[in-house]
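These numbers come from a predicted model, not from an experiment. Every chain is numbered from 1 and lettered A, B, ... according to where its sequence line falls, protein lines coming before strand lines.
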Amino acid sequence: MLDQRLLRDNPQLIASQLARRGLTIDLTGLQAIARLERDLEEQRSALQAEGNQIGKQVGQRIQAGADPKGEEVQALRDRGNAIKQEVAGLEEQEKALEQQLRDALIAFPNLPAAETPDGASEADNVEVKRWGMPRQESGLQEHWQIGERLGLWEAERSVRIAQSRFITLLGAGARLERALISFMLDQHTARGYTEVLPPILVNSASLTGSGQLPKFAEESFRCADDDLWLTPTAEVPLTSLHREEVIPAEQLPLRYCAYTPCFRREAGSYGRDTRGLIRLHQFNKVELYWFCHPANSADAHEQITRHAESILETLELPYRRIELCTGDLGFSAARTFDLEVWLPGAGAYREISSCSVCGDFQARRAAIRFKEGKGTQLVHTLNGSGLAVGRTMAALLENGQQPDGSVLLPAAIAPYFGSDRIGAA
RNA sequence: GGAGAGGUGGCCGAGUGGUCGAAGGCGCAGCACUGGAAAUGCUGUAUAGGGGCAACUCUAUCGAGGGUUCGAAUCCCUCCCUCUCCGCCA
């Protein structure tokens, strides 16, 4: 959420930064509301101060022996009642304005960071670097072909169990998924991340805190009888892990990694990526999350991205780093690096991780502060996939495929999987 | 699902209409004492919003919302949550 003070003092700045995202908004009306709300608050608190004085005086007079029903006390009571009515009127107006303000502000996306390149769409994203040597030979299979051939999962029967865009992993496929989750968590905890296994049903406040609500309700699955949703990413429970807390400054940064299944409706993607593991309503992901001091968030962003990249490098998977332009930035992000893994069967780079710094945007929504010296300040939050597990499996299958039909796995995963190969050697 | 208890500051815990943002204790910080420490003593120690260069000051907040009152942590109503026991269950 954006800062109300910024709206009161410098709405032009907000407008110009949102314009970089392609949003044209006139904020003069909202600014007026914000200022009026502030004025009313000042009037009201002055009245309340007077009312408090009167309350005290009545008590003092009565204790001093004044007649509780006498004229002097009655005059104070009358004034007290008049103030009460005035205050009630002001409060009502204030509440209405506050609601309007909040409804408006909660729907605005984050302001892009200064470093984020301007652009209108995906096409304007900037490639930052490449790592590894992509296999280019022809005749390579796509991961869904390999998976079906080796019996790693059941596509059609999964529709029977749930519906389309769900997958059932079997045998070596299930085992490899489990191995990858363990491998990734071990890599991250070795770097000092605290492993978290959070609830994957989350309440509305949690989704609002991290930015999925109110704008993106249609992207999540909801439990009809409860205020609970299936989490679309571990970013949601991890943000709420410290919601409405004040963290001592010396504890920062707090760094967490979490494996969770993730659930997304994938509305509007009909017909895209219908085969295999790329786009599912339920997928596994290991997420990295930081709460850090504002002074360190830029540095932290590079670190969290490097931590995601190191998984790809340890798994010997060629990738490239893309910096998202303002037009392609997610709702809560100020700056984002996407990592795209090379899929030689498909002959394309595909997103496998997204590493974002959100500044104080989520912290303000979720009221996550830290205490340094006298006052409190909002923390900065960062999140990054480290990595999307199903897409990692897809990348391993395509990159490791051998002429004999088997799949050779990188050395790092072999101890977890129990073998360095899937299929006949 | 049935029965009961309870929600007060970082924690424990007092407080049933009046100057209470809230006793006391613990914890924490600073100072004193000490060669250093322990013990002891003194002082300080919530959050949000407003005003002020600052010292400071005003308003709100004792689970949430509403009501009674000049005045509510304290009385009334509604809701939420937590805990304990029983039942069921991985």
Charged N to carboxylate O below 4.0 Å: is that the case for [X] and [Y]?
{"X": "Arg335(A)", "Y": "Glu323(A)", "value": "yes"}
{"X": "Glu309(A)", "Y": "Arg321(A)", "value": "yes"}
{"X": "Asp9(A)", "Y": "Arg5(A)", "value": "no"}
{"X": "Arg44(A)", "Y": "Glu86(A)", "value": "no"}

For Asp227(A), side chain to side chain contact (heavy atoms under 4.5 Å, CB included) partners two or more places apart
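With neighbours one apart ignored, the set is Asn203(A), Ser204(A), Trp229(A).
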Pro109(A): which residues meet the side chain to side chain contact (heavy atoms under 4.5 Å, CB included) condition with it, sequence neighbours left out?
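Counting only residues at least two positions away or on another chain, Pro109(A) forms a side chain to side chain contact (heavy atoms under 4.5 Å, CB included) with Leu18(A), Arg21(A), Leu23(A), Phe331(A).
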Provide, to the nearest angstrom, the distance between the [atom1] atom belonging to [X] and the [atom2] atom belonging to [N].
{"X": "Gln377(A)", "N": "A48(B)", "atom1": "CD", "atom2": "P", "value": "11 Å"}
{"X": "Arg243(A)", "N": "U47(B)", "atom1": "CZ", "atom2": "P", "value": "20 Å"}
{"X": "Lys95(A)", "N": "G49(B)", "atom1": "NZ", "atom2": "P", "value": "19 Å"}
{"X": "Ile368(A)", "N": "A48(B)", "atom1": "CD1", "atom2": "P", "value": "14 Å"}
{"X": "Asp78(A)", "N": "U69(B)", "atom1": "CG", "atom2": "C1'", "value": "14 Å"}
{"X": "Arg369(A)", "N": "A46(B)", "atom1": "CZ", "atom2": "C1'", "value": "10 Å"}
{"X": "Leu36(A)", "N": "G50(B)", "atom1": "CG", "atom2": "P", "value": "15 Å"}

Distance between the [atom1] atoms of [N] and [M], in whole angstroms?
{"N": "A72(B)", "M": "G65(B)", "atom1": "C1'", "value": "15 Å"}
{"N": "C83(B)", "M": "U78(B)", "atom1": "P", "value": "24 Å"}
{"N": "A5(B)", "M": "U43(B)", "atom1": "P", "value": "42 Å"}
{"N": "C26(B)", "M": "A14(B)", "atom1": "C1'", "value": "15 Å"}
{"N": "G66(B)", "M": "A73(B)", "atom1": "P", "value": "15 Å"}
{"N": "G87(B)", "M": "G17(B)", "atom1": "P", "value": "43 Å"}
{"N": "G15(B)", "M": "C62(B)", "atom1": "C1'", "value": "11 Å"}

Who does [N] pair with, Watson-Crick or G-U, both distances under 3.5 Å?
{"N": "G27(B)", "value": "U45(B)"}
{"N": "A54(B)", "value": "none"}
{"N": "A37(B)", "value": "none"}
{"N": "A90(B)", "value": "none"}
{"N": "U74(B)", "value": "none"}

Base, sugar-phosphate, or nothing: which does [X] touch, judged by heavy atoms less than 4.0 Å apart?
{"X": "Arg5(A)", "value": "sugar-phosphate"}
{"X": "Ile83(A)", "value": "nothing"}
{"X": "Arg79(A)", "value": "nothing"}

Write down the atom of Lys285(A), the atom of Ala234(A), and the distance for their closest heavy-atom approach.
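For Lys285(A) and Ala234(A), the tightest heavy-atom pair comes out as NZ-N, 4.1 Å.
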Answer yes or no: are there more than 12 heavy-atom neighbours, outside Gln251(A) itself, under 6.0 Å from its atom CD?
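Result for CD/Gln251(A): enclosed.
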Where along residues 200-213 of chain A does a heavy atom fall under 4.0 Å from RNA chain B?
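None - not one residue of the stretch has a heavy atom sitting under 4.0 Å from the strand.
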For RNA chain B, whose closest nucleotide is more 5', that of Leu76(A) or that of Glu50(A)?
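That would be Glu50(A).
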For Lys371(A) and Lys84(A), find the nucleotide of RNA chain B closest to each by heavy atoms; which residue's nucleotide sits nearer the 5' end?
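That would be Lys371(A).
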Gln4(A) versus Arg38(A), side-chain donor and acceptor atoms under 3.5 Å
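There is no such pair (donor and acceptor under 3.5 Å, judged by atom type) between the side chains of Arg38(A) and Gln4(A).
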Checking side-chain contact (heavy atoms from CB on, under 4.5 Å) between Leu90(A) and each of Gln43(A), Gln85(A), Lys95(A), Glu42(A), which is the one that passes?
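Checked Gln43(A), Gln85(A), Lys95(A), Glu42(A) against Leu90(A); only one passes side-chain contact (heavy atoms from CB on, under 4.5 Å): Gln43(A).
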Where do N or O atoms of nucleotides 51-58 of chain B meet protein N or O atoms at under 3.5 Å, pair by pair?
none

Below 3.5 Å, can you tabulate the donor-acceptor pairs from side chains in residues 256-265 of chain A to any protein atom, sequence neighbours excluded?
{"from": "Tyr256(A)", "atom 1": "OH", "to": "His242(A)", "atom 2": "NE2", "distance (Å)": "2.7"}
{"from": "Tyr259(A)", "atom 1": "OH", "to": "Asn284(A)", "atom 2": "OD1", "distance (Å)": "2.9"}
{"from": "Arg264(A)", "atom 1": "NE", "to": "Pro232(A)", "atom 2": "O", "distance (Å)": "2.9"}
{"from": "Arg264(A)", "atom 1": "NH2", "to": "Pro232(A)", "atom 2": "O", "distance (Å)": "3.1"}
{"from": "Arg265(A)", "atom 1": "NE", "to": "Ser220(A)", "atom 2": "O", "distance (Å)": "3.0"}

When you get a sec, tell me which of G50(B), G18(B), U59(B) is the closest nucleotide to the side chain of Arg44(A)?
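Looking only at heavy atoms from C-beta outward on Arg44(A), the closest nucleotide is U59(B).
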So does Ala179(A) get a backbone contact from the side chain of Ser182(A), meaning a donor-acceptor N/O pair under 3.5 Å?
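Such a contact is absent between Ser182(A) side chain and Ala179(A) backbone.
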Are OP1 or OP2 of A48(B) and a side-chain N or O of Thr376(A) less than 4.0 angstrom apart?
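True: Thr376(A) side-chain N/O within range (under 4.0 Å) of A48(B) OP1/OP2.
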Sub-3.5 Å pairs of nitrogen or oxygen atoms, protein against nucleotides 19-21 of chain B:
{"from": "U19(B)", "atom 1": "O2", "to": "Gln60(A)", "atom 2": "NE2", "distance (Å)": "3.2"}
{"from": "U19(B)", "atom 1": "O4", "to": "Gln63(A)", "atom 2": "OE1", "distance (Å)": "2.6"}

